[in-house]
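One structure is given here, and the rest of the page talks about it.
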Number of protein chains: 2
Amino acid sequence: MKKIYQVDNVPISGEEILVQESIFHNANGYIGVRNCLEEGVPEEVRSVRGSYINGFYDFSAMNQAEKLYGLVEEKQTILNVADTQTIRLYLDGEEFSVFEGTLEKNRRTLNMEEGWTERTVVWTSPKGKKLEICCRRMTSFVRLPLFLMRYCVKPLNFSGAVMLESLHSGDVENYYNPEDPRVAGERRNYLEPVYRFADAEMSLLETQTVKSGLRMCTAVHHRVSVPYKMQTEEKGHGVTRKISFDLQQGQEAVLYKYTVFTDSIRNGRCREEAVDCLRELTQLPVEMLYKEQKEYLDSYWEKALLEILGDDEQNRAVCYNMYELLQSVGKDEHCNIAAKGLSGEGYEGHYFWDTEMYIEPYFLLTDPDMAKSLISYRHSTLEQAKENAVLLGHKKGALYPWRTIMGRECSGYFPSGSAAYHINGDIAYSIIAYYLATKDLEFIREKGMEILVETARLWMDMGAWHEGSFRINEVTGPDEYTCMVNNNYYTNVLAKHHLYWTARFDEMLGGQDFAEREELKEFWEASRHMYLPYEEKLGINPQDDSFLEKKLWNLSETPKDKFPLLLHYHPLYLYRHQVCKQADVVMAHFILEDMQSLETIRKSFLYYEKITTHDSSLSTAVFSIMASRLGMEEKAYHYFGDSAKLDLFDTHHNTKDGIHTANMGGSYMAVVYGFGGVRIKEEGLFLAPSLPRAWEGYRFKICYEGRRILTEVSREGCRIMLEKGGPVKLHLYGKEYLLEGCLEQQ
Amino acid sequence: MKKIYQVDNVPISGEEILVQESIFHNANGYIGVRNCLEEGVPEEVRSVRGSYINGFYDFSAMNQAEKLYGLVEEKQTILNVADTQTIRLYLDGEEFSVFEGTLEKNRRTLNMEEGWTERTVVWTSPKGKKLEICCRRMTSFVRLPLFLMRYCVKPLNFSGAVMLESLHSGDVENYYNPEDPRVAGERRNYLEPVYRFADAEMSLLETQTVKSGLRMCTAVHHRVSVPYKMQTEEKGHGVTRKISFDLQQGQEAVLYKYTVFTDSIRNGRCREEAVDCLRELTQLPVEMLYKEQKEYLDSYWEKALLEILGDDEQNRAVCYNMYELLQSVGKDEHCNIAAKGLSGEGYEGHYFWDTEMYIEPYFLLTDPDMAKSLISYRHSTLEQAKENAVLLGHKKGALYPWRTIMGRECSGYFPSGSAAYHINGDIAYSIIAYYLATKDLEFIREKGMEILVETARLWMDMGAWHEGSFRINEVTGPDEYTCMVNNNYYTNVLAKHHLYWTARFDEMLGGQDFAEREELKEFWEASRHMYLPYEEKLGINPQDDSFLEKKLWNLSETPKDKFPLLLHYHPLYLYRHQVCKQADVVMAHFILEDMQSLETIRKSFLYYEKITTHDSSLSTAVFSIMASRLGMEEKAYHYFGDSAKLDLFDTHHNTKDGIHTANMGGSYMAVVYGFGGVRIKEEGLFLAPSLPRAWEGYRFKICYEGRRILTEVSREGCRIMLEKGGPVKLHLYGKEYLLEGCLEQQ
């Protein structure tokens, strides 16, 4: 099946415009441009006309209602940096707008094989002129600064003059809406103009942030396929080109609009770099740019193969999710993956634990270098994590921020922000997972170990010995409906794993001074005696010390319009109940399944399932994985469906603010770790494929210690093929095999 | 000893001006005026020039850094309503200012027997003119709207013209200081002018609040003892009178300046009322106003006798504290006692649990009607408490706000605000205490029971049965260094008492439909099976379920400059340790001493003492009381001293923001409940006086069931005398006696 997502008769009412802007946005990990209507929208129609640079931010004041020591009073926010996507079209005084005249065709296409989006419109003006417009957009994976638009126009029932008004504007601002508490409520000015230039070849805008003092540049070049006249208007921090030409009926004109984005984080001479880069790009044949993009994606899909047979919709959804992860993932150590990727301003462009626990597992299995780069980003912000630890009162160690861009904490509500100390364990887990899947001990020596030791020190500083076991008090686990608890199972089990591996790596790296001998001994001890709450009678791991003493929330009696609960109940009320926003113990059982018996895992799953709302988009994928693990096929399939379709079907009603990258990783994991049963442990690679009844089969490739392994699952059984690399032992359905060529299991 | 507090050579540098403004403020429970220099201060000198009306407020936005359902986004704030205290003095072009010329005498006096303050200054101008100024201020206890100034001026070495410029201004604003996080950081406009009027007799200003729509009025009249000329300037929302006269050397001129305050909360026609009231007042001889005040205080001190013999400083301090409580306590059901009384803008004029647990016990023993009025205030805000309960997710019951003026919650940080559910228990406790001391069942029927039932319902709605006992999860006890815990001992023991007495009163009131039968049964059950945490090994009551599992904070190793801890440590860090801001379990053991054995109380005291910082002003008094209870005389005396002197010696360095009313009540309690051993229980009145070694003796009077009982303690023993009312049984040092006339114990 072609990796193409196409929608005809795209709705243009209500919030659909916003949703399409997110879903069809173009990004390459460095820049992202929402797919807004080129010609703009009338004032009453809501649209977020944004272009973003990953890791580019300004500081913004965040006032606390009551000031307490250490509360964060300044956050970072991703910036809408420029508008170069606006192209208005005029026919002899009539302006093109889908909100007037007649729309005969309105198609959106996302071509994930070739790496572009297209919008095709057949429109008849109020005065009867009919034309076709087709706009293709591409953010290049090969040349990260490039955003390329190809705007084609063809008169269908007339000949005459066409005028395109193409904008290059730095007079932009972040989206705000005083009515919506979930986005910025006030207009804020983050950007100041520095430099504006325009000649026949290019226009150039340099902009500086107000507080962080970062600079960025956009350079724009236009090329037109027919004879034309161009008029230039410079005004404020913007340049407008009016491009006029005559067309015969049926004749097509093509405008190529090149935008190059550069910034001072990556290059201090960002203005010069933008000019050089644009010149270089415009000298290349445009077809070459498209070809490079396709080649890049050919190679990507070759690595990241995942196909579901027998359910096109789900197959397309997972394919879309994987493509979006590639679009979102930062390509250098200055950035990471935002909760919304580069598709919108939701969560202000912040990076969360989502990266380590939901997205890195995907890259680890498909492109481990990407995982390495994401870890490098954490390494580059280790100093800020140490400062954060000091702010939180710690005498040693590092505490990574719950949400951040440049490394400083941006959480305004610490009980479900800074208190989520598990972020340290998550980052450690991802480093250990990287090692287990690659055996790249060199990277552990180079960067991993420093992170592991500093974050391990924090556990030692904040934990407490009590009755012979090591306890971790006053933290918040993954579930944000229960905050500031003692001995959150997830946190403790992760800390145990973290401390153990930190000491292990020290042994493996032998003789390097990452930590004091005494300290390492303490890591061993704390890991060995880590307190893991367990409740005998129920046979489950309590989420924390007091979770099971709280009132059970009856979800079946909760009115539908009260979901998500967080929008309808005071945090204190939620905290007082046994009710979960998302997988917590269940998540811990997925990532570290050998810490408890399968019986405990099963009982826990059934217990928590009853009280989990899945109000977080990070939940259903994990429940799907664990349902697979426990042989609950129907449930696994059901949860997977919820996860896979979240954005394409806007099931959480907030895709308008941007896509949900963590869930995208989760839906991949639900297939490969879930149905496929993949685990990578110290003991090696594990597989245990199962096939949902609704499917005919599925296939996926994974990387393991430099090898590439293809797994195909069908009604007949499963086949595991070694595509690249030498023979390797693996565990299939619990039995060890040596994989040399192809392993089949009926 | 005369009840006079006098300071010579009052310092005029640094923050002293602010401290004196608080300490010598005049108030009567309805209005309060800070004792600022009449002539004003130069711009660089900090001063808070405020006049306040108890219960008069405006709403003010309180933005939350992260919006969550139910978080409070609007608070109430007390308002600086007008300036009528400004009187500038000019001598032939020279303006009087203590910051220029020579100051020979600079005395402040607070006369607590006659109910006024005086400031006496002998000053020589830069050009050599010497004069004496004496300004007496009084807020009348008998005529609450009246603030009266008597401004005397006497040339000492010259004869000539004197001009007084007396202001009546509504162009005022609340204090703000962008540098100080503990007060308002931004200028805000709360008041709008409505009406201005001036004739020869009076000036009148009416003002309306911007958001709450309340109105208030000030009417001012001047009377001068010598022939004078008066010029009037009306400008903005103010009236200035320039009063000129000639004086001979040694001749004194007296200006009486009457201000009347009225407001629309108490009287919709507040403008007319101000005019009528001022006219009535100015027709009375001024000496009568002073005389009434003295008579009022004679009667007050007669009831509220407390004398310490052998330590004048402590005697004066406690006397001052009692006087300030009288100044602060609201005299009608529209208001209460603010944390800072009417002496400043600290805590924004909010009422806390301080009232019920630290101040009402004082009034209950000296003037029970005052306690009744404070309870009536809570009754008048019961509807808002019900709304607050709904906001917090409860299906029934009422939850009183942690801090408020008009009844709505004003807490911006809910973990140590709204989560302090013990406020419900505190209010219930005060009602039960009122009954036990007065046996006024009629008031229970009329108002008390409704409060008791609604707040009892809340425990039932929020509590949870677990393993046969009733538990209260996710609340914050008195100690704000530990938040959102399960089974805070203080909260639970109070809830037990509250539920028991609610059911008991229902029986006593028989047949009234305050609650359903089924509900009352549940109250009994929950009370009987209330879970009270107890730790066997230590033999103490843990502060909450997990308190003892946390790391012990070593206070002796904490640098002095890190106190108070809240200004130097992140809340999460504090929460993770065994460290207390104030008495919590120790407080519970004071108020409900029969719930545990004396041994548990003793061990608990010693345990918590080691980890209590007393960073809250509510702490040392309770530690003093319990040290007395446990026979730890030295400690009791030491803690009492800390408590008694807090404001007069500005030991917490924030008296500038206002006095600490709760601690004032606490210092009284430390003598009467502490050294005197007074308890009032269902079983009757208990006394067990002890005498600190440093004292010669002490004496105090208390009210009990309409009787007045005088207790005198000396080296020889103690004498208990029935001053008023019939014979009564009492328990002295654990033995029961019948008090008929005088009971002596050697």
Side-chain angles (χ1 to χ4, degrees), chain A residues 62-73 75 181-182 185 391-394 411-419 421 462-467 471-476 482-487 531 545-546 548-552 565-578, chain B residues 61-73 75 181-182 185 391-394 411-419 421 462-467 471-475 482-487 531 545-546 548-552 565-578:
Chain A
M62 180 164 63
N63 291 326
Q64 296 284 349
E66 224 168 293
K67 288 171 199 289
L68 298 171
Y69 179 86
L71 297 204
V72 178
E73 300 247 26
K75 64 186 172 184
R182 286 163 298 178
L391 193 73
L392 273 283
H394 301 292
S411 170
Y413 175 68
F414 78 83
S416 60
S418 311
Y421 277 55
M462 60 91 70
W465 287 96
H466 181 70
E467 294 180 354
R471 318 252 173 153
I472 296 175
N473 293 328
E474 212 65 42
V475 297
T476 299
T482 309
C483 284
M484 303 210 287
V485 295
N486 300 332
N487 298 306
Y531 176 71
D545 277 357
S546 69
L548 299 180
E549 289 169 26
K550 297 182 176 173
K551 271 189 187 170
L552 272 165
L565 302 184
L566 65 104
L567 295 185
H568 303 278
Y569 295 93
H570 194 285
L572 261 182
Y573 191 76
L574 295 171
Y575 299 170
R576 199 174 288 124
H577 285 84
Q578 291 191 49
Chain B
M62 180 164 62
N63 291 326
Q64 296 285 348
E66 224 168 293
K67 287 170 199 290
L68 299 171
Y69 179 86
L71 297 204
V72 177
E73 301 245 24
K75 63 186 172 185
R182 286 162 298 177
L391 194 73
L392 273 282
H394 301 291
S411 169
Y413 175 67
F414 78 83
S416 59
S418 311
Y421 278 53
M462 61 91 70
W465 286 96
H466 181 71
E467 294 179 354
R471 318 251 172 153
I472 295 175
N473 293 328
E474 212 65 40
V475 297
T482 310
C483 284
M484 302 210 285
V485 296
N486 301 331
N487 298 306
Y531 176 71
D545 277 357
S546 69
L548 298 180
E549 290 170 25
K550 296 182 178 174
K551 272 189 187 172
L552 271 164
L565 302 184
L566 64 104
L567 295 185
H568 302 280
Y569 295 93
H570 193 285
L572 261 181
Y573 191 76
L574 296 171
Y575 299 170
R576 199 173 289 125
H577 286 83
Q578 291 190 49

Interface moiety of [X] toward chain A, non-hydrogen atoms closer than 4.5 Å:
| X | value |
| --- | --- |
| B:Leu391 | backbone |
| B:His570 | both |
| B:Asn473 | both |
| B:His568 | backbone |
| B:Tyr421 | side chain |
| B:Leu565 | neither |
| B:Ser411 | both |

(message) Taking every non-hydrogen pair under 4.5 Å, which of B:Gly417, B:Gly463, B:Ser418, B:Pro415 racks up the most with chain A?
(response) B:Gly463
(message) At a heavy-atom distance under 4.5 Å, which candidate from B:Ala464, B:Ala61, B:Cys483 has the highest pair count against chain A?
(response) B:Ala464
(request) Assign the ring pair B:Tyr575 / A:Phe414 to parallel, tilted or perpendicular, where the plane angle (0 to 90°) is split at 30° and 60°. (result) tilted
(request) Hey, can you tell me if B:Tyr573 and A:His394 have their rings parallel, tilted or perpendicular (30° and 60° cut-offs)? (result) perpendicular
Interatomic distance, [X] atom [atom1] to [Y] atom [atom2] [nearest 0.5 angstrom]:
| X | Y | atom1 | atom2 | value |
| --- | --- | --- | --- | --- |
| A:Lys67 | B:Leu567 | NZ | CG | 13.0 Å |
| B:Thr482 | A:Glu474 | OG1 | CD | 8.0 Å |
| A:Lys550 | B:Asn486 | NZ | CG | 5.0 Å |
| B:Glu549 | A:Arg471 | CD | CZ | 5.0 Å |
| B:Met62 | A:Gln64 | CE | CD | 12.0 Å |
| A:Leu71 | B:Leu572 | CG | CG | 9.5 Å |

(request) Can you see which heavy atom on A:Ala65 is nearest to which on B:Gly412, and at what distance? (result) CB-O, 3.8 Å
(request) Taking all heavy atoms of B:Leu566 and all of A:Tyr69, pick out the closest pair and write down the distance. (result) O-CB, 3.4 Å
(request) Between chain B and each of A:Leu574, A:Leu392, A:Val475, count heavy-atom pairs under 4.5 Å; write down the option with the most. (result) A:Leu392
(message) Taking every non-hydrogen pair under 4.5 Å, which of A:Ser546, A:Gly70, A:Ser416, A:Pro571 racks up the most with chain B?
(response) A:Pro571
